[in-house]
Amino acid sequence: MSNITISLPDGSERELPEESTVLDLAASIGSGLRKAAVAATVDGRDVDLGTVLHDGNEVSIVTNDTEAGRHVLRHSTAHVLAQAVTQLFPGAKFTIGPAIENGFYYDFELPDGGTFSEADLEAIEAKMREIVKENQPFMRSEHSLDDAKEIFADQPYKVEMIERVEAAQQDGDAADAEDAGEVGDGSTISAYRNTDAFIDMCVGPHVPSTGKLGFFKLQRVSGAYWRGNEKGPMLQRIYGTAWESKQALQAHLQQLEEALKRDHRKLAVEQDLLSFPSQLGGGLAVWHPKGATIRKLIEDYSRQRHEHGGYEFVYTPHLANAKLFETSGHLDFYADGMYPPMEMDNGTYYPKPMNCPMHCLIFDSRQRSYRELPLRLFELGTVYRYERAGTLHGLLRIRGFTMDDSHIYCSEEQLADEISSLISFVLSVLGAFGFDEFTFNLSTKDPDKSVGSAEIWDRATEALRSALVGQGLDYSVKEGDAAFYGPKIDIHVRDAIGRSWQLSTIQVDFNLPERFDLEFVGADNNRHRPIMLHRALFGSVERFFGVLLEHYAGAFPTWLAPVQVRVLPVAVAHEDYAADVAAQLREAGARVEVAAADDGLGKRIRTAKMDKLPYVLVVGDDDTAAKTVGVNPRGGDVERDVPLDEFIGRFTSEVADAESAALGS
RNA sequence: GCCCAGAUAGCUCAGUCGGUAGAGCAACGCAUUCGUAAUGCGUAGGUCGUGGGUUCGAUUCCCACUCUGGGCUCCA
């Protein structure tokens, strides 16, 4: 028997006996690799470990501790879930079950419109563990379309998918990406069989057997539309998470717990920042004094930056005549997302869903010269959007919110510079809130849905792109993701526990200047159409506040903390001195309060720590005599006998430094 | 809007197989005056989300609505 030679990613080669599989190869390299291997890539194709190798193959082994490896684990675990459900719920139809970020899901239809309960999840998970224990093989097979339809005759959703592949082939299209993951796009259908009773259509690859799985947990059950179609059947979806080891699973679950602890809705109640009274209606918040203090600081900071950034401030009303939104096109495109109209004074009025039409009216209020451009109009403008009831989510999805909204009117020649300085501006402002990791998406034209000439789209897209490149920023292109009126850049930030949030957007608009017939007189004494940029840094102040609350886990930095210092007199006798300390701090600009000595000191320290105050000052006999304070900073060590003047100096310079750093000066 | 789950004191939650409810924390009062993460005792606090139905009787069972949570869909 002759040997075959295969090559590995590091360029090395290995000889193996003929008929060797990928798993044999892994074993020949080392037992650790054999255990960690879950699949492989052979000559660029994703395959199972059982695949027989041929002379000259280029093989890369996929291990379970990589994203690709976890993807295989998760997809395989989804199959186990489907098998468990079909065993426990006879007659259940299974549809698709992909791996997703951190886990997987599978969608089912239960007989007679049945639904899963939380209790069912436990039973299903127990059944899955049995299947894992049985170490069932994942046996791959290939079938003609007709045979596949036979095999899945009692699974109407699978049959539908096969028929789609059939239709796609007849049309010469590739199958839907969604289906491709399940069935492949070739002329045959691949499937994986675990037992005589359970086979699922799947392009693979899968782990060799269910025994390779096990570090998983079912998380929740929810409804999901078949093919995401709102008018299609509502299926039952089970979500789970799966990992390569117990440690990785636990780390993930811990991360989820951490996120739960940081939930802005929970922290907002705990810290008395704001609330959503049910009497007010869904998606509408009231801001309590402490939340309002932080919000005001954020807004003041934003105003200050915009003032320095060459913006002019404007105010516009909350209502507008329907004609305005007819002109802007919002009624054509977004009527469903607007609050219903009010009839008054023989006219129809709407709460505004956007500030831009009104800013266009300001631009249009008199003749404009090229000397005025770029004209940057800024407003913290509150808008109202009718978000569907099921989509509301704390401050992150809300019906009344305030955009840090600006519309910049400029000439085409100014566009590139304007965008470039805008990006620096965004990063600098967001950086002040401790965000230092950004990702950028460039959304390009949707050919089926756009206004404006191809030429101007190209130039605008190029302006956005070159602004990103010019600053050395990596970005992903989202083909066809632009709004109909122009291309855009979306900016995401990574928060303290690694989550990504979309905040800022910079959008080029060719549409509104056209619709409002905006013009300026150029140096050539001719009339020209300006280009308009929509941009928001926070997006919505409310949403930004929610993100910030989670980012800081409620522990706002000193410059933003609603209460910066709490003074604790050790005993009643020290209350006068405590009040004096507070007064002097207040005089120096600090937000300070005194906690009277009617509770134990330990108790008051604890409360202050739970309140996440930046500074706790303890004052007793020694301090009263020597005009000192005991300083207990958040996250630092206690320091006794600090002269009050010294503390005030330190405190004010800390805040001043933070502010000047934030202002980028 | 759709699927599922939920709503009991300011907060976190227990409870009533149908007979109008209880704890901890918070609040308030009294005592304690204390040097860095919970002093003790006591008091008050709830039309059990809203409205209807069934019932001798509903916080509990049923229906509708509102709000909330997890998803789906949507997000200018």
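Each chain gets a letter, A, B and so on, in the order its sequence line appears, and its residues count up from 1. Being a predicted model, the structure only gives us computed values, none of them experimental.
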Whole angstrom value for the distance that separates [atom2] of [N] from [atom1] of [X]:
X	N	atom1	atom2	answer
A:D611	B:C25	CG	P	17 Å
A:R388	B:U66	CZ	P	15 Å
A:K603	B:C34	NZ	C1'	14 Å
A:R237	B:U73	CZ	C1'	11 Å
A:D622	B:U33	CG	P	19 Å
A:H359	B:A76	NE2	P	19 Å
A:K609	B:A38	NZ	P	13 Å
A:D598	B:U39	CG	P	12 Å

With rounding to the closest Å, how many angstrom separate the [atom1] atoms on [N] and [M]?
N	M	atom1	value
B:U39	B:C72	P	46 Å
B:C2	B:U59	P	28 Å
B:A23	B:U47	C1'	22 Å
B:C62	B:U54	C1'	7 Å

Just to be sure I understand the rule, does [X] reach a base, reach only the sugar-phosphate, or reach nothing, if contact means heavy atoms closer than 4.0 Å?
X	answer
A:Y105	nothing
A:G620	base
A:G283	sugar-phosphate
A:G390	base
A:Q219	nothing
A:E270	nothing

Of all the choices, [options], which nucleotide is nearest to the side chain of [X] once you look at every atom?
X	options	answer
A:A571	B:G71, B:G35, B:U33	B:U33
A:A597	B:A76, B:C67, B:U33	B:U33
A:A389	B:U36, B:A26, B:G1	B:G1
A:T115	B:C11, B:A76, B:C3	B:C3
A:D599	B:U33, B:U39, B:A37	B:U39
A:R397	B:C3, B:C75, B:A76	B:C75
A:I605	B:A76, B:U73, B:U36	B:U36
A:L392	B:C72, B:C11, B:U68	B:U68
A:M234	B:C3, B:A76, B:G1	B:C3

Partner nucleotide, any strand, of [N] [Watson-Crick/G-U, under 3.5 Å]:
N	value
B:G42	B:C28
B:G19	B:C56
B:A14	none
B:G6	B:C67
B:C74	none

Side chain proximity check, A:Y334 to A:F325, heavy atoms < 4.5 angstrom: no
4.5 Å side-chain heavy-atom contact, A:D490 and A:K478: no
Nearest-nucleotide 5' precedence on RNA chain B, A:F116 against A:G630: A:F116
Pairwise 5' ranking along RNA chain B for A:R606 and A:L601, keeping only the more 5' one: A:L601
Ionic contact status for A:D611 with A:R566, cut-off 4.0 Å: yes
Pair A:K93 + A:E160: basic N to acidic O under 4.0 Å: no
Near-ring test A:F516/A:F363, centroid separation under 6.0 angstrom: no
Distance flag, aromatic centroids of A:F216 and A:F104, threshold under 6.0 Å: no
Does any N or O donor sit under 3.5 Å from an N or O acceptor when you compare the side chain of [X] with the base of [N]?
X	N	answer
A:D621	B:G35	no
A:R385	B:C74	no
A:R265	B:U68	no
A:Y386	B:G1	no

Aromatic ring pairing A:F108/A:Y106, orientation class (parallel under 30°, perpendicular over 60°, tilted between): parallel
Aromatic plane relationship, A:F544 with A:F538 - under 30° parallel, 30 to 60° tilted, over 60° perpendicular: parallel
B:G70 OP1/OP2 closer than 4.0 Å to side-chain N/O of A:H393: yes
Residue-phosphate contact under 4.0 Å: A:R220 side-chain N/O, B:G71 OP1/OP2: yes
